[in-house]
Amino acid sequence: MLASVPSFKSKLIAGLVAFSPAIALADTPPMRVVSMNLCTDQLAMLVADEGQLLSVSRLAQDPEGSAMAEQAQTYLPNSGFAEEIYLMQPDLVIAGSFSTPATTAMLQRLGVPVVVFDYASSLSDIRDRLFQMGEVLGHQDRAAKIIADFDAQLAALQAEITTRPKAALYYANGYTSGDSTLAGQILIAAGFDNIATEAGLPYGGNMPLEVLALMQPDAIITSSPSATTSRAEDILTHPVVDTLRQKTGTGWFSDRDWACGTPFVLNAIADTAALRRQLEGNGS
Amino acid sequence: MTRLMIALTVVLALLFCTALVLGPANIAPLDSLRTLVIDDQGALTLVMREIRLPRAILAVLIGASLGMTGAAMQGYLRNPLADPGLIGVSGSAALGAVLSIQTGVAATVAFALPLSALFGALIGVFLVLLLAGPRGSSLTLILAGIAISALAGALTSLTLNLSPNPWAASEIVFWMMGSLVDRSMTHVWIALPFIVVGVALLASLARGLDALTLGEDAAESMGINLKRLRLTLIFGTAAVVGASTAVAGAIGFIGLVVPHVLRPFVGARPGRLLWASALGGAILLLAADIAVRVVLPTRDLKLGVLTALIGAPLFLHLIYKTRKDGL
């Protein structure tokens, strides 16, 4: 009886040691990777080997917010709680800089190696994150190929910009994104100027409805309405926004291509550029 | 009396004009008032008619509703602590509104949103009157109110947390604190009929409430039907608080502060206090809504924050006074 106690203890210690900071990161690639952030989920799914990625966040499986919802179904979903992630016995956890610091700190205290990815706020950040994901998962070649494809497609999209109409990005609760955000960079890449910058909101923020109306944008780009109704999204169908829409170009674009620094922003840029071409066709 | 009403009306008119010329977009005051009347076919008229005008109208309607409800409830319960926000009626109305938005009912029929808020308010006010009794002590009234507020608030939060909509959880603050930001004429039209009917019901209570100051037996001997009085109060309160909460969230303390301030001016007669409190409530809410725009023009500072800052100290003072009088 007594003998079993130390053996249990030593098993526990052995377990902890197995999870402890994988110094092996650089040598042998991690084989039980858990990602707990919608954006790192998608980067990991793009770069990882089959069987290397164990779990992605629950959000990644939601087609409203995730560009890879279908593919995400094949992984275990996690809700980003330290306990459930620890019990998955990962040899690497990938978190976003917006993940709860309490959770990542707890996992590190438990000896699980955690890599925190910064939020991408520009198109070049996307290259950096892909490169970082390649290094972390030990697939630098695959990441490099994805980056090269991304660059080629981006160059093709940007080739034909002549005029720069003014656009407003307008979301639930009257929120807008400025030039220093990924959405703002998508807008610039698609050939629009952002009225948030003119309104003195380089990072975005709340843009009161009347400021939006008086800025007179050439186009209004809003996120498409969620499947369920909410008060916060009422503003996107406010009579003022409706009137502006009738006078201008309108884009209802899905959040999933805009939210994360992944190659899927190319879809967002293509959609927005199409809106610009449509405006130019009408305008001239 | 009439002098008081004229003074209140003048202040209200001045505040209404001030509310129209203030906003995050800097428009010259005269330009803004001109474009409100004369359509310039452009953005200015749009801003004035679809953003600032409905906001000012709603502040007046909702402030008047809450002020009058407070006066009516305080008159009926003969208790200065009665306020639709404090006793959980606004919270129950918010729960009704949230349920109708989250189930999608609100999007199907035009009046579904205020109707479900009305239904929530009805349950709230009915429960409070049931628990506190017709002449309930301050203590039972406040305790019943706390319990109902807490329950309604918890169920509202639960509903919004369970919602699959990504924005739902952030709306809890709106329903608890109230705001008039970015409302439109649509909101005026859905709230107006309920508020008109509710105000008419509450105004009809004037004679009964005056008689009630002499005691229930005396009132009945004067020909007041107490059962009908009670029902009119319940439905009137539910109609105005339901409609107000459906479009602006739960705004507290207006029904507490306004009757308290105006009572000495009307000779403490609850019947005359009704209309005076309606005007006073409109003034207070307009002033609060102007203040949130002046203090933090680009942020959505909630109205309930301001009204609570004004109202809570008064509430404490009233509790202290009630205690001295021996509950």
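To find a chain, count down the sequence lines: A is the first, B the second, and so on, and within it residues start at 1. In what follows, every heavy atom counts, from backbone to side chain, and hydrogens, waters and symmetry copies are set aside. Values in this document were obtained by computation on a predicted structure and should not be read as measured data.
Distance CG/A:Leu209 to CZ/B:Arg183: 10.5 Å, rounded to 0.5 Å. B:Asp182 CG to A:Leu212 CG: the interatomic distance, rounded to the nearest 0.5 Å, is 10.0 Å.
Remark: A:Gln73 CD is packed, more than 12 non-hydrogen atoms of other residues, nucleotides or ligands lying under 6.0 Å away. Counting heavy-atom neighbours within 6.0 Å of A:Phe253 CZ, excluding the residue itself, gives a total above 12. Within 6.0 Å of the CG atom in B:Leu162, the count of heavy atoms belonging to other residues, nucleotides or ligands exceeds 12.
In terms of modelled atom types and a separation under 3.5 Å, the side chain of A:Glu210 and the main chain of B:Ile51 share no donor-acceptor contact.
Across all non-hydrogen atoms, the minimal contact from A:Ala213 to B:Val47 is CB-CG2, 3.6 Å.
Looking at B:Glu171, the atoms closer than 4.5 Å to chain A (heavy atoms on both sides) all sit in the side chain, from C-beta outward. Contact of A:Leu214 with chain B is made through backbone and side chain together, with heavy-atom distances under 4.5 Å. At a 4.5 Å heavy-atom cutoff, B:Thr103 makes no contact with chain A through either its backbone or its side chain. Contacts between A:Ser230 and chain B at a heavy-atom distance below 4.5 Å involve backbone atoms as well as side-chain atoms. With a 4.5 angstrom heavy-atom cutoff, B:Ile27 touches chain A only via side-chain atoms.
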Original post:
Please walk me through it: do A:Arg231 and B:Trp175 pass side-chain contact (heavy atoms from CB on, under 4.5 Å)?
Top reply: CA-CA 10 Å; A:Arg231 219 201 128 259; B:Trp175 292 110; 3.8 Å; yes
**OP:** Start with the C-alpha gap between B:Asn165 and A:Glu233, add the side-chain angles, then the distance that decides, and say whether side-chain contact (heavy atoms from CB on, under 4.5 Å) holds.
**Re:** CA-CA 10 Å; B:Asn165 188 289; A:Glu233 287 165 291; 3.0 Å; yes
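By a heavy-atom distance cut of under 4.5 Å, A:Ala172, A:Asn173 are the residues of residues 172-183 of chain A near chain B, going up by number.
Within the 4.5 Å cutoff, no side-chain heavy atoms of A:Pro239 are placed close to those of B:Met185.
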